[in-house]
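Notes follow once the structure below has been shown.
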2 protein chains.
Amino acid sequence: MDQKALFNLLEANTQSMISNLSVDCVIFTIQEGKLKVLLTKLLPKLGWMLPGGFINKDEAADIAANRVLFQRTGVDNIYLHQFKIFSDPDRFSFQAFYDKLENQIKESVDLSKLSERVISIGYFALVDFESIHLTGGMFDEVTKWTELKLLPDLMFDHLEIINEALKALRKELHFKPIASNLLPEKFTMPELQSLYEIILDRLIERSSFQKRVLKWDIYERLEEKREGVAHKRPFLYRFDAKKYDIAISQGIRFGI
Amino acid sequence: MDQKALFNLLEANTQSMISNLSVDCVIFTIQEGKLKVLLTKLLPKLGWMLPGGFINKDEAADIAANRVLFQRTGVDNIYLHQFKIFSDPDRFSFQAFYDKLENQIKESVDLSKLSERVISIGYFALVDFESIHLTGGMFDEVTKWTELKLLPDLMFDHLEIINEALKALRKELHFKPIASNLLPEKFTMPELQSLYEIILDRLIERSSFQKRVLKWDIYERLEEKREGVAHKRPFLYRFDAKKYDIAISQGIRFGI
DNA sequence: ATTTCATTGTGATATTTTGACACAATGAAA
DNA sequence: TTTCATTGTGTCAAAATATCACAATGAAAT
């Protein structure tokens, strides 16, 4: 990530991009028992924000969201769930950016070419921390995972976008269980329970959790058990896409 | 509704509107035991479509949706739920409109001023048929309720928008019960059950339905009963907004 | 006037689901 | 060899749900 990305933003590449329509991605993961979200900066001197960017003129929003996320963070090919659009006329202004720039950069920017407002489409995703590899040499300076409860000041309305994303995620859990994205291929029941507890921010009783989850009949218990734990070894489970499709077609819900 | 609305659309009022961003409203109601949706035409000769229009430059999308719906149908001040955006680059083209116009109209339109694509924000609402009064002299010709299972050919991707709206409505039922909008102030349990059956398109057992619904503790039974029925008179109920707020704050869900 | 009959309120019962808790099994760490 | 946190699983009670039954109702039919 270098100044080129900033220029792309500020010029909004007026030939190929729609300068009044953007996407913003709220990427959740769980690490060290905490729910975290991926933040980026355009330049080290600018504030933290969500990875986002403008939609190309010939591009569907879902495609744009994946492209932008990849360009900004190296995160590639994940399922992004569109959850809300943010259309307050005052939510974003190029002027606010412009004012923070150094004079050298300002000279190369023509504000009059940019639209007066930007509407943004919010996407969220849940990803497995271990399988995500962030790119860019200036990692810590312009890209970081931040604990949801310890967010820094964010630019524009990005705090609101994150809050809405969390609400939408919790709703969506009823219709799409998390294990398909957030966990590695093989996982244990206690691990799955822990995810629910972290995302829903409340404790869940162990025995009834297991009974409820297994009744969905979308997880297959394997012969193997998790190795190297200092106590009884838990069974490994695997998400079964076929059983999941069957369950969905029967209108099952995944309430916890 | 006259040709002026059409001109507004085609010129997209370039001074005050964002010509690449629109809203479309899927208004559901139940009449004669059928789930119906509100369709409109811009002109009698043009095809059926959803009530929709462009967003003003200084306007939030939710406001635009209500304004557009009112202008096109006379339906005022209802809760519109934003459910999805439609961003396929080929989903809409002004050209398609243009080609269907008469020469006289064509001469007054400058296509080059219009954007090449339009992204639309989908809204849905559930309304009580009896309390809705459609305006406009050409009612049947340009505005009508249509049974969902007997939809005519629709312009653009509006069939897809309706299908997605129905999916979203069924999901949303878990978090927001319908009786607050779709029913008149006073209603009976069998009427409420009928709504669920129509919207979910399946039969529900009577006794357990009533027990489940009453356990939500958001409906208040009145002393009165429905008059003029040729059998036992059912009790009337009323939606209790305060109890509803309490229930919501406790994270209750309204699964059926 | 009387009977009919579809519909509703409600209870009885069985079944399923959930919650709370107990306890033996496990296996690395002490 | 012992310790001990964790896990799988069972038991039991409580709550929720499904199934069925039946009396009450009151306009419509006779």
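Excluded from the calculations below are hydrogen atoms, water molecules and symmetry mates; all remaining heavy atoms, backbone and side chain alike, are included.
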Nearest whole Å is fine: how far is [N] [atom2] from [X] [atom1]?
| X | N | atom1 | atom2 | value |
| --- | --- | --- | --- | --- |
| Glu205(A) | dA14(D) | CD | C1' | 14 Å |
| Arg253(B) | dT18(C) | CZ | C1' | 14 Å |
| Phe254(B) | dA16(D) | CZ | C1' | 17 Å |
| Glu224(B) | dG9(C) | CD | P | 14 Å |
| Arg212(B) | dT17(C) | CZ | P | 13 Å |
| Ile204(B) | dT19(D) | CD1 | C1' | 16 Å |
| Ile252(B) | dA16(D) | CD1 | P | 11 Å |
| Trp216(B) | dT17(D) | CH2 | C1' | 14 Å |

Side-chain ion pair, [X] and [Y], N-O less than 4.0 Å:
| X | Y | answer |
| --- | --- | --- |
| Glu147(A) | Lys36(A) | no |
| Arg67(B) | Asp76(B) | no |
| Arg233(B) | Glu227(B) | yes |

Checklist outcome for this item: In 5'-to-3' order, the base (B), backbone-only (S) or no-contact (-) status of each nucleotide in nucleotides 4-13 of chain D, using a 4.0 angstrom heavy-atom cut-off, is -BBBBBBB--
Item to check | Face-on cation placement of Lys144(A) at Trp48(A) ring, 6.0 Å and 45° thresholds | outcome: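 Yes, Lys144(A) and Trp48(A) form such a contact.
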Checklist entry - Is the NZ or CZ atom of Lys186(A) positioned over Tyr237(A)'s six-membered ring, under 6.0 angstrom from the centre and within 45° of the axis? => result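 Not flagged: Lys186(A) not positioned over aromatic ring of Tyr237(A).
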Checklist entry - Do the rings of Phe124(A) and His81(A) sit parallel, tilted or perpendicular, given the 30° and 60° boundaries? => result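 The arrangement is tilted - the two ring planes meet at 30° to 60°.
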Next on the checklist: Looking at dA12(C), which nucleotide sits across from it as a Watson-Crick or G-U wobble partner, both distances under 3.5 angstrom, or is there none?
Outcome noted: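 dA12(C) is paired, partner dT19(D).
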Checklist entry - Across all strands shown, which nucleotide pairs with dA25(C) by Watson-Crick or G-U wobble geometry, both distances under 3.5 Å? => result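 Looking at the geometry, dA25(C) pairs with dT6(D).
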Checklist entry - Looking only at side-chain N and O atoms, does Lys215(A) come under 4.0 Å of OP1 or OP2 in dT18(C)? => result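 True: Lys215(A) side-chain N/O within range (under 4.0 Å) of dT18(C) OP1/OP2.
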Next on the checklist: Looking at dA18(D), I'd like to know if its phosphate oxygens (OP1 or OP2) sit under 4.0 Å from a side-chain N or O belonging to Ser208(B).
Outcome noted: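 For Ser208(B), the contact criterion (side-chain N or O under 4.0 Å from OP1 or OP2 of dA18(D)) is met.
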Checklist entry - Under 3.5 Å, is there a donor-acceptor pair linking the side chains of Ser194(B) and Glu197(B)? => result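 No, no side-chain donor-acceptor contact under 3.5 Å.
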